[in-house]
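Data block below; observations after.
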Amino acid sequence: DRNVHDNLLFVLKATGWSEKQEMDVKINEVLDKVGLKGAAHKMPHQISGGEQQRIAVARALLNDAEVILADEPTGSLDSRSSDEVLRIFGKINNSGQTILMVTHSVKAACHANRVLFIKDGCIYHQLYKASGSNDEFYQKISDTLTIIATGGERNE
């Protein structure tokens with residue numbers, strides 16, 4: 001078994017990094033971004049599901065990708081862990097990195113700046129958050145889902 005640090009080190013080595021000191025600095029940087037700097041030497045079985053999800057986010061951050069793809073990132077988490085992952089995504093996005101998240105969770109979606117609704121394999125509708133709050137965006141998303149589910153017409 002490998003600890004968290006070694007798992008992240010493996011990712012960097014697999015993508016061409018070779019300088020151990022540089023890799024350690026990068027690993028500490030991403031663990032700090034996801035709030036898990038103290039977990040570097042823990043084994044996977046010693047961390048919670050929410051922490052494991054944040055380690056997955058750390059892996060995605062390692063190579064400074066332009067886009068992070070997140071498929072149901074809060075789907076198996078409790079509400080506290082979900083909130084933490086969404087907070088981290090917000091920080092990452094505010095620093096300029098794009099996150100493409102697929103979710104069925106209205107709560108997760110309301111943290112986004114733009115939501116696309118897919119129906120029958122096509123983009124059916126989209127919403128932009130603009131300057132509204134998460135609560136206001138939650139309501140807009142919920143209203144749109146109701147319209148889609150009942151076959152009603154869009155008013156926007």
Side-chain angles (χ1 to χ4, degrees), residues 1-119 121-138 140-141 144:
D1 258 357
R2 297 175 185 226
N3 64 27
V4 168
H5 178 273
D6 290 345
N7 275 296
L8 296 174
L9 189 64
F10 178 78
V11 171
L12 289 176
K13 286 180 179 179
T15 56
W17 289 59
S18 59
E19 176 58 44
K20 174 87 166 93
Q21 187 173 2
E22 289 177 11
M23 291 187 286
D24 287 342
V25 167
K26 185 65 174 180
I27 289 168
N28 287 332
E29 177 185 299
V30 298
L31 285 175
D32 190 40
K33 278 186 181 178
V34 300
L36 290 174
K37 198 165 192 168
H41 298 290
K42 289 186 177 182
M43 301 302 284
H45 68 274
Q46 295 175 310
I47 58 178
S48 70
E51 290 170 328
Q52 290 174 9
Q53 191 69 6
R54 287 160 45 202
I55 296 297
V57 173
R59 278 196 309 268
L61 294 173
L62 281 174
N63 288 307
D64 301 315
E66 290 183 34
V67 178
I68 293 176
L69 303 176
D71 183 8
E72 294 287 358
T74 62
S76 62
L77 301 179
D78 61 42
S79 61
R80 193 180 111 259
S81 296
S82 293
D83 290 345
E84 183 63 19
V85 167
L86 294 170
R87 186 192 64 75
I88 290 166
F89 277 180
K91 277 178 49 180
I92 293 166
N93 185 247
N94 288 338
S95 73
Q97 195 158 23
T98 299
I99 300 171
L100 178 63
M101 175 172 50
V102 177
T103 186
H104 289 92
S105 165
V106 176
K107 181 179 180 183
C110 76
H111 287 264
N113 295 318
R114 179 182 179 198
V115 174
L116 299 174
F117 297 86
I118 309 295
K119 182 177 179 180
C122 299
I123 295 174
Y124 178 78
H125 189 59
Q126 64 182 321
L127 294 173
Y128 290 89
K129 186 181 228 170
S131 60
S133 70
N134 285 352
D135 289 340
E136 292 167 334
F137 203 37
Y138 184 101
K140 278 182 147 180
I141 294 166
T144 301

Taking all non-hydrogen atoms of both residues into account, name the closest pair between [X] and [Y] and its distance.
| X | Y | result |
| --- | --- | --- |
| N7 | P44 | ND2-CG, 4.2 Å |
| K33 | K91 | O-NZ, 3.9 Å |
| N113 | F137 | O-CZ, 4.4 Å |
| F89 | I99 | O-CD1, 3.4 Å |

Determine whether a donor-acceptor pair (N or O, by modelled atom type, separation under 3.5 Å) exists between the side chain of E66 and the backbone of T98. no
Within the side chain of D32, is there an N or O that forms a donor-acceptor pair under 3.5 Å with the backbone of N28?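 No, D32 side chain to N28 backbone: no donor-acceptor pair under 3.5 Å.
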Got a salt bridge between R87 and E84, using NZ or NE/NH1/NH2 to carboxylate O under 4.0 Å?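 Counted as a salt bridge, because a side-chain N and a carboxylate O are separated by less than 4.0 Å.
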The single option from D64, V11, L61 that satisfies side-chain contact (heavy atoms from CB on, under 4.5 Å) with K26 is D64
With rounding to the nearest 0.5 Å, note down the distance linking [atom1] in [X] to [atom2] in [Y].
| X | Y | atom1 | atom2 | result |
| --- | --- | --- | --- | --- |
| R54 | L31 | CZ | CG | 10.0 Å |
| H45 | Q52 | NE2 | CD | 11.0 Å |
| L9 | M23 | CG | CE | 5.0 Å |
| N134 | K107 | CG | NZ | 10.0 Å |
| S105 | I141 | OG | CD1 | 9.0 Å |
| K129 | C110 | NZ | SG | 6.0 Å |

Sorted by chain and residue number, the side-chain contact (heavy atoms from CB on, under 4.5 Å) partners of S82 (sequence neighbours excluded) come out as T74, L77
Within a radius of less than 6.0 Å around CD of Q21, do more than 12 heavy atoms belonging to other residues, nucleotides or ligands occur?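 Open.
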Side-chain donor-acceptor pairs of residues 34-42 under 3.5 Å, sequence neighbours excluded:
none

